[in-house]
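Let me begin by presenting the structure, written as structure tokens, before commenting on it.
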Amino acid sequence: MKSLGNIRREFAPWNKPDAKPYIQFKNVTKRFGDFTAVNNLSLSIYEREFFALLGASGCGKSTLLRMLAGFEEPTSGQILLDGQDLRGIPPYRRPVNMMFQSYALFPHMTVEQNIAFGLKQDGMPKAEIEQRVTDMLKLVKLGQFAKRKPHQLSGGQRQRVALARAVAKRPKVLLLDEPLGALDKKLREETQFELMDLQQTLGLTFVVVTHDQEEAMTMADRIAILDKGEVMQVATPAEVYEAPGSRFVADFVGNINMFEGKVADRDSSGATITSANGVTIRTANAGDAAAGSEVAFAIRPEKIKVSSKKPENGDNVMEGEIYDIAYLGDMTIFHVQLGNGQVVKASSLNATRATEDPLSWDDKAWISFRNDAGVVLTR
Amino acid sequence: MNSSWSRFNITAIVLGFAFLYLPIVLLVIFSFNESKLVTVWGGFSTKWYVSLFHNQGLMDAAWVTIRVGLISATMATVLGTLAALALTRYTRFRGRVLFSGMVFAPLVMPEVITGLSLLLLFVAVGLDRGFFTLTLAHITFSMCFVAVVVQSRLVTFDRSLEEAAMDLGAPPVKTFFQITLPVILPAIISGWMLAFTLSIDDLVISSFTSGPGATTLPMKIYSQVRLGVTPEINAACTILIAIVACGVIAASLVNKRREVQRLRDEQAAQRG
Ligand SMILES: Nc1ncnc2c1ncn2[C@@H]1O[C@H](COP(=O)(O)OP(=O)(O)OP(=O)(O)O)[C@@H](O)[C@H]1O
Ligand SMILES: [Mg+2]
């Protein structure tokens with residue numbers, strides 16, 4: 001049997017030129033009065049994909065889901081599901097189910113009745129409904145709570161009921177609006193894996209909204225990063241992290257050091273960048289940056305090495321002083337102030353309990369990184 | 001905070017309660033008076049209750065009151081709920097402010113004016129005054145009270161419940177009857193009770209809009225009192241008070257029990 005990770009690694013329909021997208025947003029704009037919540041957005045989501053929408057609060061994530069579910073109509077543009085234009089189709093006729101940010105469990109019904117509600121609307125035979133409800137309860141491990149009302153459940157249990165209710169109908173697409181928002185960290189991590197498992201077992205397409213980037217990274221096949229109603233980048237978690245397409249994405253996802261500057265020299269093996277504050281960086285990944293263009297060189301803290309002695313070799317070596325140290329348990333983040341005043345963050349894993357090269361505040365330190373460790377951002 | 005029973009507190013409470021309840025207590029006491037003179041105590045007796053049930057006029061009036069109350073409260077609840085739904089749901093229709101003003105105006109309108117205008121209307125359209133006009137009038141004035149009660153519930157109603165129902169395949173009408181209505185039902189019931197109470201003790205509007213053969217209990221009592229208070233009337237009022245008190249106590253007990261149950265459930269849920 002293949003492991004979950006293996007199945008997911010092979011799954012990449014977005015790279016296949018003949019793959020047909022399952023959900024398509026085509027130049028969708030949504031205005032509320034004169035406020036534009038979604039601006040000329042185009043997006044393709046594939047069947048069986050676990051797709052995450054990531055962005056700051058108010059950037060239009062929920063609006064996007066609500067348009068897909070049918071609670072809002074786009075002001076202009078088209079939304080296609082399996083090739084069919086969804087405009088004018090009311091929510092109760094769309095093969096899409098949603099798990100609400102607030103769960104929206106029916107307070108006057110028991111857990112069982114909540115889960116059975118959608119099945120009843122389809123006119124499913126009674127015996128089958130009972131069977132399906134039992135299966136769903138088992139799936140979310142709420143068997144002994146079947147007869148309880150929502151207010152008799154804890155937050156995590158309610159969230160699982162909401163999930164079971166949305167999944168019970170076996171929709172083609174499941175929309176999840178911050179499904180784990182109300183859970184504590186531990187339960188959250190557990191549930192993330194449960195969700196991924198569920199998605200694989202049932203073979204559904206998931207579109208999940210979150211503003212927790214770690215969550216998006218863990219669960220999703222691809223992530224769309226939104227800002228002010230526009231898509232900034234759509235890519236796999238690794239790509240988003242290692243090859244951000246713009247300064248916004250680089251800054252939004254994870255920690256990063258940025259050097260604003262100009263391409264001083266450009267050749268086939270890479271480029272040399274001189275930053276505005278006088279640092280020269282040699283990089284092998286220069287993308288399509290032309291000589292003389294304004295760019296930013298971005299590098300993640302974990303790709304920078306800090307040492308108390310000058311490293312013998314290294315493509316980029318800079319001298320500085322330890323400005324601050326943040327000890328996080330599994331790793332330590334050093335803030336190193338360079339000669340020109342810029343502070344660079346470098347993190348190192350605490351693989352052993354004591355390092356032979358201890359660094360402390362105000363110590364002289366050297367930072368170094370390889371020439372393929374960072375990326376050049378033109379946008 | 002000092003919450004001990006200071007002398008001032010006790011005095012204030014005694015005076016306040018006396019002011020509120022002394023008249024009622026007197027009425028109840030004198031309904032058990034042996035003597036025919038209302039203000040002179042002549043010993044304990046329940047004979048006025050017996051004679052009350054043989055007073056055909058009073059019994060007829062009571063029957064009219066109850067029928068008008070049940071019919072008008074029910075109709076007012078339906079109309080008031082619809083008005084509340086329109087006001088909270090369709091927030092952008094033209095003339096909304098005017099409409100909501102018009103629905104709530106009768107709340108503050110002097111009863112004399114409501115009664116008089118209804119009377120003029122009934123005369124103008126040539127409706128014979130009687131049970132029918134009386135019921136119509138009661139629906140008119142109690143509807144807005146229902147609308148207020150139901151609207152205040154609807155304002156806090158979580159619309160995503162309805163969206164969830166539709167998302168799961170329920171069309172709007174089904175969603176209304178299976179989700180919205182059950183959730184706001186307690187408010188609708190209290191609206192109904194309010195309308196019923198208002199209807200059974202209304203005097204002014206009833207006097208304007210009622211006709212021969214449709215005398216309500218308050219009208220009957222009022223007209224008899226003008227000829228002098230009889231112990232029989234005291235007995236009738238005592239029964240009314242008892243009914244209302246029982247209703248109020250029952251309602252609050254039910255509420256309280258539900259609240260306690262809910263708290264217990266929530267604590268149980270917290271524990272997992
Ligand atoms: N019905 C509405 N009328 C007017 N403005 C709206 C409406 N719904 C959403 N908006 C606006 O559209 C923008 C996007 O809202 P949306 O709910 O999609 O944000 P979000 O990305 O889901 O944010 P969050 O992470 O806080 O849930 C917000 O600025 C919001 O104020
Ligand atoms: Mg949202």
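As the structure is a computational prediction, the values presented were derived from the model and not from experiment. Lettering of chains follows the sequences in order, A, B, ..., and the numbering in each one begins at 1.
Contact annotation for Gln178(B): both backbone and side-chain heavy atoms come within less than 4.5 Å of a heavy atom of chain A. Residue contact with chain B, scored on non-hydrogen atoms closer than 4.5 Å, involves the side chain of Met109(A) exclusively. With a 4.5 Å cut-off on non-hydrogen atoms, Leu105(A) touches chain B through its backbone but not through its side chain. Only the side chain of Asp158(B) comes within less than 4.5 Å of a heavy atom in chain A; its backbone stays farther off.
Aromatic ring pairs are classed by plane angle as parallel below 30°, tilted from 30° to 60° and perpendicular above 60°; the pair Phe106(A) and His108(A) is tilted.
Contact tally against chain B (heavy-atom pairs below 4.5 Å) for Arg165(A), Arg94(A), Arg93(A): the top residue is Arg165(A).
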(request) Walk me through it: do Arg48(A) and Asp221(A) pass the test salt bridge (Lys or Arg N to Asp or Glu O under 4.0 Å)? (result) CA-CA 10 Å; Arg48(A) 292 169 160 257; Asp221(A) 292 313; over 6 Å; no
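When atom types are taken as modelled, the side chain of Thr110(A) and the backbone of Gln113(A) share a donor-acceptor pair closer than 3.5 angstrom.
For an aromatic pair to be called close, the ring centres must be under 6.0 Å apart, and Phe51(A) with Phe206(A) fails this.
The distance from atom CZ of Phe25(A) to atom CG of Leu81(A), rounded to the nearest 0.5 Å, is 10.0 Å.
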